[in-house]
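Structure record follows, encoded as structure tokens.
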Amino acid sequence: MTDRKTTLVLGAGASLAYGYPLGSQLRRDLLLLDPSAGPAGTVLSEYKGELIEFQNAFGLSQMASIDAFLARRPEYQEIGKRAIASTLLSRESWMRLTRDPGDDDWYYYLFNRIASATRWEDLDLSWLKVVTFNYDRSLEHYLISALRHSYGKPLDEVLERLSALEIIHIYGTLGPTLPGMDDYSDYGAELTPEIVSRAAGSIRVIPEGRTEDMTLRRAREAIANADALCFLGFGYDPANLEHLAAHETCRKVIGYGTEKRRRHVAYTCLKMTVEETKRVYFTVNNQFVSMSSKEYPEDFHPMDCTSTLRSTQILLPPWQQSPGQGN
């Protein structure tokens, strides 16, 4: 489809249409988990005392981010991970994923851009990478299902082809993401203590101040090496920008000297103020923005994920360019 290396960076808003909560809703869900009611709560009934203690501490902390809270309070990491796992696994739904998504069904738009090849042999996914701060497995399972039914190929061939599309989960996942992996559980499977335990074990807590590990390095390389970079449903939390070394990797103009290049960059900023986006722009690009201007900074789009992808055409090769200008 294109030889332009493209990286998508996903925040919680990117999974909203598929039944998953934003950070503020996840916080409420965790605080309201009842070990005596509902699948997500009863599966944790044997941890009732620990769960209540965790909920009290998290609630009184007034911290917006569960990731940040667990990084500061390691004594609650085990029960916190179990609570996250049970809450989000209970939201896995094939119906919501493939037949009744929310209004912002950007997976549908993405698939119809990346799977434009008529012949299976011509399908190339290697130009695209995804860096996600979300735990959920929805994107992987959507793509598996769509590829199998679009091309009529068996699961093993689909998984092999999909392996060319690297998906990096910064904070880990809800257990093994792909069929065939050890201890894999089906998407939307009935919750059991064993499934929740495996999912909790796959969730990562990154201590505050840690800037180096293999996952972070892979994510930074995927972003820095991209010719096109798009943030979808992202909240631009300072800690997450620090994990990405955003001031170095996310700039529109990247590199030095003869290696300097200007990239196609886009940021969703739905429900953010102009002033908030200016701060993010400065953090990423180290360039001042006029504080008197009432306009969003360059490349910031106050719209949902699908609308941003459509308006920027960032998943498509440039259809016009100046003489001598590369992709």
Side-chain angles (χ1 to χ4, degrees), residues 5-16 22-24 62-69 71-72 129-134 168-171 204-213 215-257 259-305 308-309 311-312 314:
K5 293 182 290 187
T6 301
T7 297
L8 305 179
V9 183
L10 310 183
S15 293
L16 184 63
L22 297 176
S24 56
Q62 299 300 302
M63 295 191 69
S65 166
I66 181 59
D67 306 300
F69 174 76
R72 295 184 183 185
K129 295 182 184 296
V130 176
V131 173
T132 177
F133 284 80
N134 301 331
I168 304 167
H169 286 264
I170 297 294
Y171 288 122
R204 283 163 36 91
V205 173
I206 304 178
E208 292 183 337
R210 177 186 291 180
T211 58
E212 291 297 333
D213 72 13
T215 300
L216 294 181
R217 285 197 293 271
R218 286 171 54 213
R220 293 171 183 173
E221 288 175 3
I223 292 171
N225 293 333
D227 301 314
L229 176 64
C230 185
F231 287 76
L232 298 173
F234 205 70
Y236 308 102
D237 179 84
N240 289 337
L241 291 177
E242 182 181 1
H243 290 329
L244 299 179
H247 61 290
E248 298 176 353
T249 63
C250 300
R251 303 174 66 150
K252 181 163 188 170
V253 178
I254 197 166
Y256 301 93
E259 300 296 322
K260 183 180 292 187
R261 54 195 173 90
R262 187 177 182 84
R263 308 188 290 177
H264 189 178
V265 177
Y267 309 84
T268 58
C269 57
L270 191 64
K271 297 185 179 180
M272 292 179 67
T273 67
V274 170
E275 288 71 23
E276 288 171 331
T277 60
K278 288 178 179 179
R279 181 178 291 273
V280 175
Y281 181 90
F282 175 77
T283 299
V284 171
N285 292 291
N286 196 29
Q287 291 182 351
F288 286 102
V289 184
S290 171
M291 294 306 295
S292 62
S293 172
K294 300 303 180 183
E295 301 294 325
Y296 285 94
E298 179 185 23
D299 302 320
F300 280 79
H301 304 271
M303 54 185 70
D304 63 27
C305 300
T308 298
L309 292 174
S311 65
T312 62
I314 203 162

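We're numbering straight along the sequence, starting at 1. All values below were derived from every heavy atom in this structure, side-chain atoms included, with hydrogens, water molecules and symmetry-related copies excluded. It should be emphasised that the depicted structure is a prediction, and the values quoted were computed from it without experimental measurement.
The side-chain heavy atoms of Asp67 and Asp237, taken from C-beta on, include no pair separated by under 4.5 Å. Arg261 places a side-chain heavy atom less than 4.5 Å from the side chain of Asp227. Within the 4.5 Å cutoff, side-chain heavy atoms of Ile314 are placed close to those of Leu309. Tyr281 has its side chain within reach of Gln287: a pair of non-hydrogen atoms, C-beta onward, lies under 4.5 Å apart. Side chains of Tyr171 and Asn240 form a contact here, defined as non-hydrogen atoms less than 4.5 Å apart. Residues Met272 and Val280 are in side-chain contact: their nearest non-hydrogen atoms beyond the backbone lie under 4.5 Å apart. Here the side chains of Glu276 and Cys269 are not in contact, with every heavy-atom distance at 4.5 Å or above. Here the side chains of Phe234 and Phe133 are in contact, with some heavy-atom distance below 4.5 Å.
More than 12 heavy atoms of other residues, nucleotides or ligands lie within 6.0 Å of CD in Glu275, so this atom counts as buried by the packing criterion. Atom CZ of Arg279 has 12 or fewer heavy atoms from other residues, nucleotides or ligands within 6.0 Å.
When every heavy atom of Gly11 is checked against every heavy atom of Asn134, the shortest pair comes out as O-ND2, 2.9 Å. Scanning all heavy atoms of the two residues, the minimum distance from Lys278 to Glu295 falls at CE-O, 4.0 Å. Across every non-hydrogen atom of Ala266 and Thr312, the tightest pair is CB-CG2, 3.8 Å. Scanning all heavy atoms of the two residues, the minimum distance from Ser311 to Met303 falls at OG-SD, 3.6 Å. Scanning all heavy atoms of the two residues, the minimum distance from Ile206 to Ala71 falls at O-CB, 3.6 Å. Considering all non-hydrogen atoms of both residues, Gly23 and Ala12 come closest at N-CB, 4.2 Å.
Using a distance-only test at 3.5 Å, with no hydrogens or angles considered, no donor-acceptor pair links the side chain of Lys129 to the main chain of Ile168. Remark: the backbone N or O of Ile223 is not paired with any side-chain donor or acceptor of Thr249 at under 3.5 angstrom. At least one donor-acceptor pair under 3.5 Å links the side chain of Thr268 to the backbone N or O of Gly233. Side-chain atoms of Arg263 do not come within 3.5 Å of backbone N or O of Asn225 as any donor-acceptor pair. Judged by distance alone, the side chain of Asn286 and the main-chain N or O of His247 form no donor-acceptor pair under 3.5 Å.
Note that CG of Leu16 and SG of Cys305 are 8.5 Å apart. Values are rounded to the nearest 0.5 Å. To the nearest 0.5 Å, atom OH of residue Tyr267 and atom CG of residue Leu232 are 12.5 Å apart. In this structure, CZ on Arg220 lies 14.5 Å from OG1 on Thr7, to the nearest 0.5 angstrom. Note: Ile254 CD1 to Lys260 NZ = 11.5 Å, rounded to the nearest 0.5 Å. If you take OG1 on Thr277 and CD on Glu298, they are separated by 12.5 Å, rounding to the nearest 0.5 Å. Ser65 contributes atom OG, which lies 9.0 Å from atom CZ of Arg72 (distance to the nearest 0.5 angstrom).
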